[in-house]
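Because the structure is predicted, anything quoted here is derived from the model rather than measured. Every chain is numbered from 1 and lettered A, B, ... according to where its sequence line falls, protein lines coming before strand lines. The figures that follow rest on heavy atoms only: side chains count, while hydrogens, waters and symmetry mates do not.
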2 protein chains.
Amino acid sequence: MAQNTIPESHRDLLDGEFATLATVGEDGYPHLSEVWFVTEGDQIALSLNTARQKVKNLETEPNCTLLILDLANPYRYLEIRGRADVEPDPDLEFARTVGAKYGSDLAVHDAPGDRRVVVRIVPARVRAVDMSG
Amino acid sequence: MAQNTIPESHRDLLDGEFATLATVGEDGYPHLSEVWFVTEGDQIALSLNTARQKVKNLETEPNCTLLILDLANPYRYLEIRGRADVEPDPDLEFARTVGAKYGSDLAVHDAPGDRRVVVRIVPARVRAVDMSG
């Protein structure tokens, strides 16, 4: 089932803690990593350090994909494709919003001079999968 | 830590049941799905139905990436990039090898006339992540 909204059957996955973010590198390879996220309606928002390869990839290719897996039942997941909208977070206000969800200071491992951005992914195509039936 | 072999610290993940396969579509978006896999040394091998979008993507762009997540500790995972080597599996011999791992008949949901291929991913770059420390 493909659409651009997240169906009721899979909305509980938005309460999860981990998403797999896939960006595409200049070498053509998908770059995958686990990320923390918060939701703003159907949008997924991430706080990322601009020194990371995934942010560099998004600057040249904003089309990206998130997979949110039901860790207790990996036959069930959401695949969300969308364009990444990247905005600066100079005062780390958004990083604190994400940190509040996880009880963590996101910037604690950032190096001096590192910058953080808000990456918002507006769903263009949502695939809700459940192969556990 | 990036290399082209799978380090001892993460080899247990090869005993897992699920991997996230990322291919790149003609629209530039990464396509992500959960797949079953078996290992042949450091190679990961999949049995895929050629009707699936991921196989079509691999035919035009064989560079792909697998993420194998520790479902019990999602701070720990392997990201494996490599070129997909796709070979026919006309007698479904390899599909049965994968099916033996999962106690399942992979072809049971295939439509009449569907074909299966063996997709082997030879690691070109392995990133072993553990952020749980």
Side-chain angles (χ1 to χ4, degrees), chain A residues 2 16-37 52-54 57-58 60-84 102 104 106 108-109 121 123-133, chain B residues 2 16-37 52-54 57-58 60-84 102 104 106 108-109 121 123-133:
Chain A
E17 296 200 313
F18 298 90
T20 304
L21 171 66
T23 61
V24 181
E26 288 188 338
D27 58 3
Y29 277 105
H31 173 290
L32 269 63
S33 59
E34 293 300 297
V35 294
W36 284 351
F37 67 96
R52 301 289 174 261
Q53 187 62 46
K54 53 195 157 209
N57 291 350
L58 289 174
T60 51
E61 174 52 88
N63 287 347
C64 65
T65 303
L66 284 164
L67 186 139
I68 308 180
L69 187 65
D70 183 345
L71 295 173
N73 172 16
Y75 291 100
R76 200 170 76 95
Y77 56 94
L78 280 169
E79 186 209 30
I80 300 170
R81 301 181 203 176
R83 197 174 174 86
Y102 294 89
S104 176
L106 269 67
V108 72
H109 295 298
I121 296 153
R125 184 179 182 282
V126 174
R127 201 163 57 95
V129 176
D130 189 346
M131 298 190 298
S132 61
Chain B
E17 296 201 312
F18 298 91
T20 304
L21 171 66
T23 61
V24 181
E26 288 188 338
D27 58 2
Y29 277 104
H31 173 290
L32 269 63
S33 59
E34 293 301 298
V35 293
W36 285 350
F37 67 95
R52 302 287 175 261
Q53 187 62 47
K54 54 196 156 209
N57 290 350
L58 289 174
T60 51
E61 174 53 88
N63 287 346
C64 64
T65 303
L66 284 164
L67 186 138
I68 307 179
L69 187 64
D70 184 344
L71 294 173
N73 173 16
Y75 292 100
R76 200 170 76 94
Y77 56 95
L78 280 169
E79 186 210 28
I80 300 171
R81 299 181 205 176
R83 197 174 175 86
Y102 295 90
S104 176
L106 270 68
V108 73
H109 295 298
I121 296 153
R125 184 179 182 283
V126 174
R127 202 164 57 94
V129 176
D130 190 345
M131 298 190 298
S132 60

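For chain B, no part of A:H109 is nearby; none of its heavy atoms comes within less than 4.5 Å. Residue contact with chain A, scored on non-hydrogen atoms closer than 4.5 Å, involves the side chain of B:E79 exclusively. If you measure heavy-atom distances from A:A124 to chain B, the contacts under 4.5 Å come from the side chain alone.
Taking CD1 of B:I68 as the start and CG of A:L32 as the end, the distance is 11.5 Å to the nearest 0.5 Å. Summarising the geometry, atom CD belonging to B:E34 is positioned 10.5 Å from atom CG belonging to A:D70; distances are rounded to the nearest 0.5 Å. Separating the CZ atom in B:R127 from the NE2 atom in A:H31 is a distance of 4.5 Å, to the nearest 0.5 Å. For the atom pair B:E61 CD and A:Y29 OH, the distance stands at 8.0 Å (nearest 0.5 Å).
When all heavy atoms of B:N63 and A:D27 are compared, the pair lying nearest together is ND2-O, 3.8 Å. The heavy-atom pair separating A:P74 from B:L71 by the smallest distance is CG-CD1, 3.5 Å. Here the shortest heavy-atom pairing between A:A22 and B:P30 reads O-CG, 3.5 Å.
Of the listed residues (A:L69, A:L66, A:V129), the greatest number of heavy-atom pairs within a distance under 4.5 Å of chain B belongs to A:L69.
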